Amino acid sequence: MEQALWDELKRVAATRPVIADLFSKDDRRAQTFSVSCDEMLFDFSKTQITNDSLDFLISMADAAGVESKRDAMFSGARINETEDRAVLHTLLRDLAEDPPNGLQEERQGVSQVRTQMAAFATAVRDGEFAGQGGKITDVINIGIGGSDLGPAMATLALAPFHDGPRVHFVSNVDGADLADTLDGLNPATTLVIVASKTFTTIETMTNARSAYDWMKRVVDEPGVQFAAVSTAEEKTSDFGIDSTRVFGFEDWVGGRYSVWGPIGLSLMIAVGPDAFKEFLAGGAAMDRHFQAASLAENMPVLLALVGIWHNQGCGHATRAVLPYDNRLSRLPAYLQQLEMESNGKSVAMDGSDLAVNSGPVVWGEPGTNGQHAFYQLIHQGTRVIPCEFMVAKEGHEEDLAHHHALLVANCLAQSEALMVGRSLEEAAEIMASKGLTGAELDREARHRVFPGNRPSTTLVYPKLTPFVLGQIIALYEHRVFVEGVMLGINSFDQWGVELGKELANALTPILEGKESDAAKDGSTRMLLAYLRR
Ligand code: F6P
């Protein structure tokens, strides 16, 4: 996109108004600056975006070719240019019975593997597939990054639908992760799923081999209780996993976009194939909305434009994701990978330097916990942190409905407090009512001032069902896509993770004393000496 458009965005953002004033001047602001998709509502009225700035942001999306690039992605064009791959994770959740022409082979492959997954998941859940000690009681998914965060986040999110065996997730190469997970499990009734797109990731392969050794101590044929999910099927057979328990997928599914396919096997075993299908249907519903709605009515596009406004326009470098839904407690970590691995790049698709800041730092925790930890800084710190609240209309715990009312009240209270704040006069009045006077009143009042005018958005959904979770994840995927298109980034590669991997491989023999550290810098040599001592 032309530099002039970014310059203009910054110019517009520099004169942004006071949010509360926007509401005073326009009693339909909430309706104008919100959008629905099915029963989901995205409210971005508590931001400093005006009619004019929104029009400008939409014109930027148009200029960046968001719609044509979106269509290119869905059609299977090789838009991941630096890896020369198509980007078709959306096909994994496309359940259309009479799909449009094109991509027939890919669709057929996806549908075959989905059927194979459902048969296996059902067999595990029913006990038809058993361990050497009887019915499977525990499933361990060993994977990392996209091969862990998606199923781990979604399995927790869908706990009320979990009626299969217990499911555990091991990702960290720190032996503590595996050891703590294995503690108390019976190897003879445990199924291990090795989930790795490449089947080379050092953490996953190390954990998988150690889990294999753990199982070997008890059962005669450990490999029989292993399944694999990967694009590298030959490597799975080298590991000793029978091809009937290998679930493949293609390189056009990026790791962080892979929960919809075989990487979601652990989730499918937990909640069953029907609930898993509902999850896919939710994602597909968001795809249809993304493809059909105009830019101005398009939820993922508007979410992206709010992100661009705050980060590249206003210069707010971070974004807090604050789900008022305890079962979404892994969502911030999931979105960290989705957004930061996708758009954390300083080189544009054509190799030129990025004209503006790359994607934001994404972080967060569920409410209300975060309120008692870091919200202090969000309300009174010197930096502005745009907040993205999310909350369900209804919880699953019918007998604890009063909890849900409190949860919702807290969520709404936070966005209100961020916007309206509390002036020095108001704080002084409160202090005066407590009997304070003079210098003491002035000082104490200043500590109780909230600047306000801090932006937030709120995503409201009916209830955290598999369908709704699918919608939410697809919403964020497309948001990242739109932001990436506007920045001119390839959102589907991740070269930035490679250097650390290479250096870790080179350091392992040095740490083990097999190679010299002479070529290393002084700090690394000192740390190595300390750690080897
Ligand atoms: O190192 C980053 C990464 O490649 C992620 O993109 C990916 O999700 C993760 O590692 C795991 O990779 P794999 O599924 O190939 O083990």
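Worth saying up front: this structure is predicted, and the values here are computed from it rather than measured.
Checked against Pro300 for a side chain to side chain contact (heavy atoms under 4.5 Å, CB included), the options Val480, Leu475, Leu305 give a single hit: Leu475. Under the side-chain hydrogen bond (donor to acceptor under 3.5 Å, both in side chains) test applied with Lys345, the options Thr82, Asn490, Asp493 reduce to a single match, Asp493. When Thr155, Asn141, Asp138 are each tested for a side-chain hydrogen bond (donor to acceptor under 3.5 Å, both in side chains) with His168, only one passes: Asp138.
Using modelled atom types, one side-chain atom of Gln337 and one backbone atom of Gly146 make a donor-acceptor pair closer than 3.5 Å. Not a single donor-acceptor pair under 3.5 Å links the side chain of Asp174 to the backbone N or O of Asp177. Looking only at distances, no side-chain donor or acceptor of His316 sits under 3.5 Å from a matching main-chain atom of Arg383. Judged purely by atom type and a 3.5 angstrom limit, Ser210 uses its side chain to pair as donor or acceptor with the backbone of Thr206.
Contact of the His478 side chain with the Asn298 side chain is not registered, since no non-hydrogen atoms from C-beta on lie closer than 4.5 Å. Under the 4.5 Å side-chain criterion, counting only non-hydrogen atoms from C-beta, Asn51 is in contact with Phe33. Side-chain atoms of Glu297 and His289, non-hydrogen and from C-beta on, never get closer than 4.5 Å to each other. Inter-residue side-chain proximity for Val259 and Tyr334 is flagged as met; some heavy-atom pair is nearer than 4.5 Å. The shortest side-chain heavy-atom distance between Leu9 and Leu57 falls under the 4.5 Å cut-off. Side-chain contact between Phe389 and Tyr324 is present, with at least one heavy-atom pair separated by less than 4.5 Å. A heavy-atom distance below 4.5 Å is not found between the side chains of Arg454 and Met419. For the pair Val468/Ile472, a side-chain contact is recorded, criterion being any heavy-atom separation below 4.5 Å from C-beta on.
Looking at Asp517 and Arg532, a side-chain N of the basic residue comes within less than 4.0 Å of a carboxylate O on the acidic one, giving a salt bridge. Ion pairing between Glu278 and Arg93 fails under the 4.0 Å rule for side-chain N and carboxylate O. Taking the charged nitrogens against the carboxylate oxygens, Glu388 and Arg479 do have a contact shorter than 4.0 Å, which makes a salt bridge. Under the 4.0 Å criterion applied to side-chain N and carboxylate O atoms, Arg327 and Glu397 are assigned as salt-bridge partners.
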- request: Apply side chain to side chain contact (heavy atoms under 4.5 Å, CB included) to the pair Val408 and Lys393, showing each step before the final yes or no.
  value: CA-CA 8 Å; Val408 172; Lys393 187 173 163 204; over 6 Å; no
query: Where do Asp52 and Thr50 land on the side-chain hydrogen bond (donor to acceptor under 3.5 Å, both in side chains) test, with the steps shown first?
result: CA-CA 5 Å; Asp52 287 346; Thr50 62; 5.3 Å; no
message: Between Glu483 and Lys69, does the salt bridge (charged side-chain N to carboxylate O under 4.0 Å, His left out) criterion hold? Intermediate values first, please.
response: CA-CA 12 Å; Glu483 288 194 16; Lys69 296 209 162 94; over 6 Å; no
- request: For the pair Glu341 and Val497, evaluate side chain to side chain contact (heavy atoms under 4.5 Å, CB included) and give the outcome as yes or no after the intermediate values.
  value: CA-CA 9 Å; Glu341 198 166 64; Val497 299; 3.6 Å; yes
- request: Evaluate side-chain hydrogen bond (donor to acceptor under 3.5 Å, both in side chains) for Thr524 paired with Asp521, printing each intermediate quantity in order.
  value: CA-CA 5 Å; Thr524 306; Asp521 61 86; 2.6 Å; yes
- request: Please step through side-chain hydrogen bond (donor to acceptor under 3.5 Å, both in side chains) for the pair His447 and Gln380, ending with a clear verdict.
  value: CA-CA 9 Å; His447 287 283; Gln380 288 189 317; over 6 Å; no
message: Between Asn172 and Glu203, is the side chain to side chain contact (heavy atoms under 4.5 Å, CB included) condition met? List the steps.
response: CA-CA 6 Å; Asn172 203 322; Glu203 293 93 329; 5.8 Å; no
- prompt: Step by step, would you call Leu41 with Leu459 a side chain to side chain contact (heavy atoms under 4.5 Å, CB included)?
  reply: CA-CA 6 Å; Leu41 173 71; Leu459 180 73; over 6 Å; no
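The number of heavy-atom neighbours closer than 6.0 Å to CZ of Arg70, taken from other residues, nucleotides and ligands shown, is above 12. Heavy-atom contacts from other residues, nucleotides or ligands closer than 6.0 Å to CZ of Arg443 number more than 12. The environment of Glu2 atom CD is sparse: at most 12 non-hydrogen atoms of other residues, nucleotides or ligands sit within 6.0 angstrom.
In this structure, Met286 and Cys37 approach most closely via the heavy-atom pair CE-SG, 3.8 Å. Smallest separation of non-hydrogen atoms from Ser491 and Asn343: OG-OD1, 2.6 Å. Closest approach of Val139 to Pro165, counting heavy atoms only: CG2-CG, 4.0 Å. Shortest non-hydrogen contact noted between Leu418 and Ser456 is CD1-CB, 4.4 Å. Across all their heavy atoms, Val66 and Met486 have their closest contact at CG2-CG, 4.1 Å. Residues Ser266 and Pro151 share a closest heavy-atom pair of OG-CB, 3.4 Å.
Here the CE-CG distance, from Met73 to Asn80, works out to 12.0 Å after rounding to the nearest 0.5 Å. Note that CD1 of Ile144 is 11.5 Å distant from CD1 of Ile142, once rounded to the nearest 0.5 Å.
Applying the side chain to side chain donor-acceptor pair (under 3.5 Å) criterion to His89, with sequence neighbours excluded, gives Glu477.
Between Phe44 and Phe42, the two ring planes are parallel [angle under 30°; tilted spans 30° to 60°]. Taking the six-membered ring where tryptophan is involved, the planes of Phe481 and Phe290 are perpendicular, since the angle between them exceeds 60° and thus also 30°.
In this structure, a donor-acceptor pair under 3.5 Å is absent between the side chains of Tyr461 and Glu394. Defined by atom type and a distance below 3.5 Å, a donor-acceptor pair is missing between the side-chain atoms of Thr368 and Asn410. A donor-acceptor pair shorter than 3.5 Å cannot be found between the side chains of Arg16 and Ser53. Residues Ser415 and Lys46 have side chains that bring a donor and an acceptor to within less than 3.5 angstrom of each other. A side-chain N or O of Asp43 and one of Ser45 form a donor-acceptor pair less than 3.5 Å apart. Side-chain atoms of Trp363 and Thr318 include a donor-acceptor pair closer than 3.5 Å. Defined by atom type and a distance below 3.5 Å, a donor-acceptor pair is present between the side-chain atoms of Asp7 and Gln3. No side-chain donor from either of Ser24 and Asp21 sits under 3.5 Å from a side-chain acceptor of the other. Defined by atom type and a distance below 3.5 Å, a donor-acceptor pair is present between the side-chain atoms of Gln471 and Asp38. Counting only N and O atoms by type, the side chains of Ser342 and Tyr257 include a donor and acceptor under 3.5 Å apart.
Counting only residues at least two apart or in different chains, salt bridge (Lys or Arg N to Asp or Glu O under 4.0 Å) contacts with residues 400-429 are absent.
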